[in-house]
Engineer: 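There's a structure below that I have some questions on.
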2 protein chains.
Amino acid sequence: MTTTIKRRDKGVRLFHALSDDTRLEIMERLKEGEQCVCDLTDALKTGQSRLSFHLKVLKDAGLIKDRPEGRWIYYSLHEEALEQLEEVVRSLRGTGHRGGSSSRCG
Amino acid sequence: MTTTIKRRDKGVRLFHALSDDTRLEIMERLKEGEQCVCDLTDALKTGQSRLSFHLKVLKDAGLIKDRPEGRWIYYSLHEEALEQLEEVVRSLRGTGHRGGSSSRCG
DNA sequence: TTGACAGATCAAGAATTCTTGTTATGATGA
DNA sequence: TCATCATAACAAGAATTCTTGATCTGTCAA
């Protein structure tokens, strides 16, 4: 089924982008809201080039987006991709799991 | 906060394990239920050694578990890890997302 | 203009991950 | 016991990813 393969492909890209400590830390910072690269450089105490590399990985995977403003570039989470990620993860659960322990609403 | 770092660490391991096409395909096959390595070798049309490598990655990450029986070893999904994964993914969403479009219950 | 700053991009080496072939282990059955 | 089967584990090369330092681009302010 082509749909399955496409979702798998999407999954591989999303999971790969998130499979790194620095990148997960970036994601965590961005939960607080938009940040420019300089904020992140300070926060993560890392080189500009290295940070730029990881931001690109996240951006290529669609997980974050950028908004240039003057000489700064602000990054923020891309909620849509996070929803897709949730869907991919949900699709990993065994077929008969309706009512799993952690996602109840009542 | 140590909890955050631990969760991130767990996340890195889970995401890494899932960041590969072969491994995601294994996960998909296991959704159907327990399978022995020979079943998977057939299904994925790949070498035994290669498959064994990827099964180990998934197992080390806690995503699957094995059950030896005679000379076969049966693999299956480890639901607990999938729940942890869902939690990690949920924790990636921005703080103010209550009411996101895809996870409503009503 | 010119200089300084924010970031991206590139190049090369380091580190990690993956593949393939081979060997080791443990169960089974003759 | 011996041969065979299912699978793990290892070793070495291939491929990919990451890091670091250098350079390029665009923006601003003097």
Side-chain angles (χ1 to χ4, degrees), chain A residues 5 8-30 33-78, chain B residues 5 8-30 33-78:
Chain A
I5 290 172
R8 204 160 72 214
D9 211 63
K10 182 82 192 174
V12 168
R13 263 175 293 145
L14 290 172
F15 289 136
H16 167 257
L18 294 169
S19 70
D20 176 278
D21 188 67
T22 302
R23 296 199 286 267
L24 276 193
E25 192 172 356
I26 293 171
M27 295 294 283
E28 260 156 32
R29 297 274 168 185
L30 295 184
E34 238 188 19
Q35 311 230 4
C36 72
V37 180
C38 52
D39 290 339
L40 292 167
T41 313
D42 283 1
L44 306 205
K45 291 188 185 24
T46 188
Q48 180 269 316
S49 170
R50 183 167 174 273
L51 186 55
S52 195
F53 168 79
H54 288 295
L55 285 168
K56 185 165 161 40
V57 174
L58 287 170
K59 191 181 153 196
D60 286 351
L63 283 160
I64 61 177
K65 53 195 175 186
D66 57 349
R67 180 178 67 81
E69 184 175 317
R71 60 174 124 170
W72 291 275
I73 296 182
Y74 290 91
Y75 281 92
S76 57
L77 296 187
H78 192 182
Chain B
I5 290 173
R8 203 159 73 214
D9 211 63
K10 183 82 193 172
V12 168
R13 265 175 290 145
L14 290 172
F15 289 136
H16 166 257
L18 294 169
S19 69
D20 176 278
D21 189 67
T22 302
R23 295 198 288 264
L24 276 192
E25 193 172 355
I26 292 171
M27 294 295 283
E28 260 156 32
R29 297 274 168 184
L30 295 184
E34 238 188 19
Q35 313 230 4
C36 71
V37 180
C38 52
D39 290 339
L40 292 167
T41 312
D42 283 1
L44 305 206
K45 292 187 183 22
T46 188
Q48 180 269 315
S49 170
R50 182 168 174 273
L51 186 56
S52 195
F53 168 79
H54 288 295
L55 285 169
K56 184 164 162 41
V57 173
L58 287 170
K59 190 181 153 197
D60 286 351
L63 283 159
I64 62 178
K65 54 194 175 187
D66 58 349
R67 180 177 67 82
E69 183 176 319
R71 59 174 127 172
W72 290 276
I73 295 179
Y74 290 91
Y75 281 90
S76 57
L77 297 185
H78 192 180

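To find a chain, count down the sequence lines: A is the first, B the second, and so on, and within it residues start at 1.
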Engineer: Report the distance from atom CZ of F53(B) to atom P of dA11(D), rounded to the nearest whole Å.
Structural biologist: 15 Å
Engineer: Whole angstroms only, please: what is the NE2-C1' distance between H54(A) and dT20(D)?
Structural biologist: 12 Å
Engineer: Compare side-chain N and O positions of R50(B) against OP1 and OP2 of dG21(C) and report whether any pair is under 4.0 Å apart.
Structural biologist: no
Engineer: Out of dT7(D), dT17(D), dA8(C), which nucleotide sits closest to the side chain of S52(A)?
Structural biologist: dA8(C)
Engineer: Nearest to the side chain of S49(B), heavy atoms from C-beta on, is which of dC18(C), dG7(C), dC10(D)?
Structural biologist: dC10(D)
Engineer: Using heavy atoms to find the nearest nucleotide of DNA chain D for L51(A) and L51(B) separately, return the residue whose nucleotide is more 5′.
Structural biologist: L51(B)
Engineer: Would you say the side chains of R13(B) and S19(A) form a donor-acceptor pair under 3.5 Å?
Structural biologist: no
Engineer: Looking at residues 56-76 of chain B, who's got a heavy atom less than 4.0 Å off DNA chain C?
Structural biologist: G70(B), R71(B)
Engineer: Using atom CD of Q48(A) as one end and atom P of dA22(D) as the other, report the distance to the nearest whole Å.
Structural biologist: 13 Å
Engineer: Is it true that a side-chain atom of H78(B) and a backbone atom of K65(B) form a donor plus acceptor pair closer than 3.5 Å?
Structural biologist: no
Engineer: Grab the two heavy atoms, one from I26(B) and one from L55(B), that are nearest each other, plus how far apart they are.
Structural biologist: CG2-CD2, 3.9 Å
Engineer: Which atom names give the shortest non-hydrogen contact between Y75(A) and L30(A), and what distance separates them?
Structural biologist: O-CD2, 3.5 Å
